[in-house]
Student: 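Below: one structure in structure tokens.
Computed from heavy atoms alone, side chains included, the values below leave out hydrogens, waters and symmetry copies.
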Amino acid sequence: MDIGVISVRYARALLKGATAQKQEDELYARMQTLLGSYQEVVTLRQVIDNPMLKKDKKREILEVAAGGNANELLANFFSLVLKEGREGLLIFIANAYITLYRKQKNIIQGKLTTAVPVTEAIEEKMKNLVAANTAGKVEFNTKVDPDIIGGFILEYDTYRMDASVKTKLNAVLTQLKK
């Protein structure tokens with residue numbers, strides 16, 4: 001079986017169960033926290049994959065990595081994953097759950113890159129711009145990158161709007177070289 005297929009099956013089952021129990025929003029936040037824990041704590045995956053560590057300890061670690069005090073559904077899900085020996089796929093399952101949840105809730109993931117931090121009002125305007133074009137809810141990740149000098153780069157779905165000073169300067173330099 002393919003890792004992607006297995007991960008999506010587990011994620012789909014978790015989302016279906018969470019939706020039935022009206023816990024899909026909470027689990028969405030917990031899956032994001034779990035994914036963030038995997039990214040921030042590089043040894044987490046090694047610990048969870050360690051065959052010498054008991055499954056109860058692994059479940060406790062996973063619950064803490066998912067934000068602590070896991071509800072019954074998530075605790076049972078972790079127990080099932082561990083029982084089936086699929087703990088190595090949890091990072092992929094978390095990613096698949098997030099993707100399926102966003103699709104179900106029509107959430108668009110966007111990224112705004114600016115040279116300096118932006119105010120919440122400007123970020124909200126950008127979200128509204130994307131929401132108007134996509135007819136969905138928008139989640140934004142903002143990033144400050146001084147290398148773009150000024151302006152912004154807005155990315156969502158397959159679209160990219162590059163209004164950075166760096167790009168404009170590079171375009172001028174390219175024209176001058178011709």
Side-chain angles (χ1 to χ4, degrees), residues 1-113 117-118 120 123-124 126-127 130-131 134-145 154-159:
M1 274 255 163
D2 184 10
I3 288 173
V5 172
I6 295 168
S7 301
V8 170
R9 285 182 180 168
Y10 274 87
R12 189 175 290 128
L14 179 60
L15 182 59
K16 186 175 181 180
T19 303
Q21 295 182 20
K22 305 218 182 297
Q23 296 177 3
E24 70 271 22
D25 298 337
E26 179 187 348
L27 282 181
Y28 175 63
R30 287 191 178 268
M31 287 294 124
Q32 288 180 310
T33 302
L34 179 63
L35 198 56
S37 294
Y38 269 105
Q39 292 169 345
E40 290 175 21
V41 183
V42 292
T43 57
L44 178 60
R45 188 169 186 172
Q46 293 168 342
V47 170
I48 298 302
D49 288 346
N50 183 348
M52 301 301 289
L53 191 62
K54 294 185 183 215
K55 294 190 185 296
D56 290 346
K57 288 292 180 193
K58 288 181 181 184
R59 195 187 85 237
E60 288 176 22
I61 292 168
L62 287 169
E63 287 179 12
V64 169
N69 298 326
N71 61 26
E72 185 179 357
L73 177 64
L74 186 58
N76 289 340
F77 180 75
F78 285 151
S79 293
L80 173 69
V81 169
L82 292 166
K83 178 183 164 223
E84 297 298 324
R86 302 289 193 188
E87 59 266 28
L89 300 178
L90 268 170
I91 192 168
F92 304 108
I93 294 169
N95 262 321
Y97 182 91
I98 290 167
T99 301
L100 290 169
Y101 176 88
R102 286 179 179 155
K103 186 175 182 180
Q104 178 177 308
K105 299 286 185 173
N106 197 24
I107 297 173
I108 307 299
Q109 184 70 27
K111 180 179 173 186
L112 177 64
T113 306
V118 295
E120 285 187 32
E123 187 175 332
E124 196 60 36
M126 297 302 254
K127 280 183 185 179
V130 173
T134 60
K137 183 180 174 196
V138 179
E139 288 183 351
F140 253 37
N141 291 327
T142 56
K143 177 183 169 189
V144 175
D145 182 4
L154 176 64
E155 300 170 284
Y156 65 94
D157 279 344
T158 59
Y159 300 101

Student: Using the test side-chain hydrogen bond (donor to acceptor under 3.5 Å, both in side chains), find all partners of Lys105 that sit at least two apart in sequence or belong to another chain.
Tutor: Glu24

Student: Consider side-chain contact (heavy atoms from CB on, under 4.5 Å). Of Asn95, Thr33, Ile48, which one does Tyr38 pass it with?
Tutor: Ile48

Student: Quick one: closest heavy-atom pair of Ala94 and Leu35, and the distance?
Tutor: CB-CD1, 4.4 Å

Student: Under the rule for side-chain hydrogen bond (donor to acceptor under 3.5 Å, both in side chains), what residues qualify as partners of Glu155, not counting sequence neighbours?
Tutor: Arg160

Student: Quick check: are there more than 12 heavy atoms from other residues, nucleotides or ligands sitting under 6.0 Å from NZ of Lys16?
Tutor: no

Student: Can you tell me how far the CZ atom of Arg30 sits from the CG atom of Asp25, to the nearest 0.5 Å?
Tutor: 13.0 Å

Student: How long is the span from the CG atom in Leu80 to the OH atom in Tyr10, to the nearest 0.5 Å?
Tutor: 5.0 Å

Student: Sequence neighbours excluded, which residues qualify as side-chain hydrogen bond (donor to acceptor under 3.5 Å, both in side chains) partners of Gln109?
Tutor: Arg102

Student: Give, for atom OG1 of Thr134 and atom CD1 of Ile107, the distance between the pair rounded to the nearest 0.5 Å.
Tutor: 11.0 Å

Student: Drop me the distance from Leu154's CG to Lys127's NZ, to the nearest 0.5 angstrom.
Tutor: 12.0 Å

Student: How far does CG of Leu62 sit from CG of Leu44, to the nearest 0.5 angstrom?
Tutor: 7.0 Å

Student: Quick one: pull up CD in Glu139 and CD1 in Ile98 and give me the separation to the nearest 0.5 Å.
Tutor: 9.0 Å

